[in-house]
Structure formats: C-alpha cells, structure tokens
Amino acid sequence: MARQEIRLTNTLTRQKEVLTPFDPANVRMYVCGPTVYDFAHIGNARPVIVFDVLFRLLRHVYGPDHVTYVRNITDVDDKINARALRDFPDLPLNEAIRKVTEKTGDQFHKDVAALGCLTPSVEPRATENIDQMIALIGKLIDQGHAYVARGEEGLEVLFDVLSMPEYGGLSNRSLGEQQAGARIAVEGHKKSPGDFVLWKQSRDDQPGWDAVFNLPKPNRKALGLSDETLTIHGRPGWHIECSAMSERYLWTEIEERLSDGALAHPHQFDIHGGGLDLIFPHHENEIAQSRCAFETPRMAQIWMHNGFLQVEGQKMSKSLGNFVTIHELLQTDKFGSRSWPGEVLRLAMLMTHYREPIDFSVKRLEEAETKLRAWQRAAENAEMSDPSEEVVGALADDLGFQRAQPAIDALARKANAGDAEAAERLAATLDFLGFGTNSLLVQIDASENEAVEAAIADRLAALAAKDYPKADAIRANLLTKGIQLMDYKDPATGARRTKWENKK
RNA sequence: GGCCACGUGGCGGAGUGGUGACGCAGCGGACUGCAAAUCCGUGUACUCCGGUUCGAUUCCGGACGUGGCCUCCA
C-alpha cells in the first residue's frame, strides 16, 4: 500500500510542500518548547497541540518507532532568575532556580497531558546541554561567524550576521532593510545592529558556567587582551540552545541509526516548528547558527508556524484581565464560570486551522464540548479498528483537521444508526486524534457508580408502578450531581432501559 | 515606515468562474408519561469600491478593517 503523502506549508518557501523525509525510517522533528518560569497560558497550548497532531500523523504514516520528536525545555533564562529571586529569596540562587524550573516544568507536563498530548521522544533541558552550546559557540568563533565584545553587562559572544549573506531568508528581511529601520537601538559594541548574543557573562547572582573560547588575533586586539583563549563565566543566549539540542538529539545521538539518505544531508532534519512570533528573530538566528556552524545549505527542510489566538476578541494580556492559563481552564471556574475537560480545549483549538488566528471564547468551548460528547457517545463501548482514512487524509493536507469534521460526523451518524463497523472506526479515529472515546461521558469512581446504578433501579421500579413524580425526583436528584439519565428501549425485548452520562 | 497573515450567515468552518457544503446555536416535528439522547425538516452570508467576464464570493487592482513580527513575546 502506498504511503499517505503528507503536505505541509513551509514558511521558508511560503508554499505547501510534500514532506519527503531524509530517512523515512527516522523522521525527525524539533519544536520549540516552553520557558519554564510560570504557568503556561492557553496560547502556549496551541503549538503543543498542533505539533502533537503532527507527531501522531507522522507516527501513523511512518510507524510509531520511526519518528523522533524533540521538544526542548528552556530552563535557563533571565525571567527564571527573576522569578527565583522573587519566590525563593532565602534560598541559594541555584536551588531557587531549580525549584522554579521543576515546579513549572511539572505543571506544564500535567497540563499538556490533560490536553491529550503524547510525550515527545526527547524533552531535553537547556541546562543539560550547556557543553554542547559552548562547543557550538566555539566553533562559530573559530569559523569567523562570532566574536567576543564588551557589552554593558560584561563580555558577550555575538553572532556576526554580516558573516552570513543569506541571513534573513526565513523572515524575508534583508540585512539592509534592518539597518535602514531605525528601530533597532545601535549598541556600540556590536559590529552590526542585528548581531545577537550567543553567550553572556554572568554576575555572581546569575547562573553561570565556565566557557573557554579561542580568541582569534583580531578579536584579541579589539579587546586589548593577549591570551589565545578566554574563559567567560556566563550563560547562553536564547537562540543557541535550539541549535545545540536539535543537533544533539536529531543528529549526533542517532547518527548511527540513520540511513544513507539522511547521512547524505548531515546535520539537517525534517521539520522545525513553533509559534508565528518565533520566525524572527528566534528561528532566523537558529538557522544562522546551525547553518554556519555545520556549513549546511539548510537547517531543517520544512519550517512550520502556528498562528496566535485572541481571547473573546481581544488580545490576551494581564492588564485586560483576560489572561488565562491552561491550569485555570482545567481546574478552576475562571473562564466561563466552569472548568473544561482537556479534550474539549484540544478540540476547540483544532477546530481552526493551525495557521489561522483563533478567537478563543466560551462559545467555542461549548461547541467543542457538544461535538465531542456526541462523537464519544456514538463511539462508546466500541472496539477500535483503524482511523478514518478521510480524517487521516485531511490531516495529511497541511493538518486540515477542520476539513475532517464532516467525515467524523458521518461516522457518528452511521454508528448511531447501528453500524458497528462505523462505531469501531470512529473510536479508532477519536483515539488517533487524542480525544479519548468516553472521557466526557464517565468520570466518576466505582463507589459512586454503584449508587447511581441503585438509583436507576429504584427509578425503573417507580416507573413500572407509574409513579412518575417519584421517578422524576430521582432523575432530578441525580442531575444535580451531574448525572444525566437517558432512557432507551432494549432492542431485543423492547423493555425500557436507562443509561447515564456525566455532565460535569 | 518595512515585512507577513487574514476578512464567508448569530457562531465555527468548507468550497467554487455559473444550481448558496457541513456543524453549533435557534425554530418546527418525530420518539418519550415528561425529559435526555437520537432522528427528520428549516431561515439568514461571501468587508467595501473598481476592473476582467455573458456571469465573481471565487481572478486582477485599490480601499477599509483585524492580527503578528521588526528590543530573547507562543
């Protein structure tokens, strides 16, 4: 059987392209993950969900063991330092930082698991890859793509954007344009205004690692130093971590397993993703670092970017009071006066194509819940066969989930009409998409379950005695606990039966 | 100012050079003792202005509007 062709919009070319992995036995994807300094908000959830869908699609098409998905955790950042000093002023800095990043990281993992997202193949932490970053920076200095300068807060290693003529290719800005735009403050120590930090010296109250760099002669002269090497106790700039970690986990560590097709394109991988805002400068800079360090014509084949979301028609911001975290949606009644199941948040996110803006609203969540509930009802108790090919096909066309909805609705309709095969396909499809097959319907523990069944039996007895007031009272009472009863006829005997679902 | 997206009915969202998908909500009906679920039926739209065309929501141009980036912000 021919493999499903996957087409994705590539920001590099602004076109939909057929995905042609260097090595179909090792499809490799890197997505920029969270900086762990605070609860993730609902905007942060979008790339996580979008690229989880892509991960699932890739696993489906290429096989679960043939996809490597790397999503980093940024655990060194000045925002983290600030948070550590604020929240744990009495602890030693490193300990305080560790507390912040562990706590926030754990919360992030709980949040995205509730959103139905699979764990990536590797989730490297920046702090576990400092050596790799230092090596990469050293390489860039040695090759003449980076230099050491004295900035306002100490020594800095800067990337020299003029050393890369193709800089700006992803975001479609030429260096000339950027220099013409007067918005970039010209910092005197930079050779060129667009130069960005690779490594910066740390004070005692900032996290730091000792890095030894060679100092080329001209650079020595500029700094007024005589040693051939320079040790800078410092910390990495933001961009370098992704270059270092993608190289390590998508190339170095798996190189021996890669096929000739991949080996013919060393240091390159298939897909790199993230939010729209990362195109410039973050991804542009990653490309500059990786391509220059490894002397490659590209870093990744396909660059994908998800759109932003607004909340109830407005930009989400703390000052507007519409800032909402994943945690709050899942666990509190802050948004729409109730909490929301993770699967509902997931569907609400996927209803709109990943590149389009989303207006995240209560109305949207309500619609998503109605939809998902109906799908799960139709799939309930069915075995799983294979996911719908129409749905897979819609996803394969640039993750067009919204085009798959009619196909899912059709399966649900057939399942409701008694088509067991459709029900099995629907169950498999919902599972494939990460929605679960009955998570919205039953969410109570066993002891409670017994009480519900007993109440149902009482009600059926009351009904048999035509005691409708009593039967209705039982039903109403259960409803206050979130248990919705639904009567139906036994298809064989015609007798009245009752099932229920949880509406909480 | 530069670059990049996007504007379809109350909402979500397909799609097409010519008989207005689909879904949610609403309304009507069937079923039910009544509900719930399910099923059937049903109305309203292509931001504006030009142009091309026998004919444009669809192609071209312009305007307006919304959002993103241009100082490490998803």
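Below, chain A is the first sequence line, B the second, and so on; all start at residue 1.
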Quick one: label A/Gln405 by what it contacts on the DNA or RNA (base, sugar-phosphate, nothing), any heavy atom closer than 4.0 Å.
-> nothing
Measure from the ring center of A/His233 to the ring center of A/Trp209 and say whether it is less than 6.0 Å.
-> no
Would you say the base of B/A35 and the side-chain of A/Arg475 have a donor-acceptor pair closer than 3.5 Å?
-> yes
For A/Trp238 and B/U71, what is the distance between atoms CH2 and P respectively, to the nearest whole Å?
-> 13 Å
Hey, are A/Arg235 and A/Ser202 close enough side-chain-wise for a donor-acceptor pair under 3.5 Å?
-> yes
Assign A/Glu366 to base, sugar-phosphate, or nothing according to its heavy-atom contacts below 4.0 angstrom with the strands shown.
-> nothing
Out of B/A74, B/G13, B/A36, whichever nucleotide has its closest atom nearest the side chain of A/Thr352 | B/G13
B/G65 pairs with, by Watson-Crick or G-U criteria that keep both distances under 3.5 Å | B/C6
Any donor-acceptor pair under 3.5 Å joining the side chain of A/Glu367 to the base of B/G23?
-> yes
Which nucleotide in the set B/C69, B/A35, B/G68 lies at the smallest distance from any side-chain heavy atom of A/Arg173?
-> B/C69
Is a donor-acceptor pair below 3.5 Å formed from side chain A/Arg403 to base B/G15, judging by atom type as modelled?
-> no
To the nearest angstrom, the CD1-P distance between A/Ile358 and B/G13 comes to 8 Å
A/Asp77 CG - B/C73 P separation (whole Å) = 7 Å
Whether A/Phe308 stacks on the six-membered ring of B/G68 base, 5.5 Å and 30° limits | no
May I have the distance from A/Arg497 (atom CZ) to B/U38 (atom P), rounded to whole angstrom?
-> 20 Å
Atom CD of A/Glu153 with >12 non-hydrogen neighbours under 6.0 angstrom = no
Strictly under 6.0 Å, is that where the ring centroids of A/Phe51 and A/Tyr69 end up?
-> no
NE2 of A/His282 versus P of B/C4: gap in Å, rounded?
-> 22 Å
Is there a donor and acceptor pair closer than 3.5 Å between the side chain of A/Asp472 and the base of B/G33?
-> yes
Any N/O donor-acceptor pair, A/Arg413 side-chain to B/C39 base, under 3.5 Å = no
B/A74 C1' sits how many Å from A/Lys79 NZ, rounded?
-> 11 Å
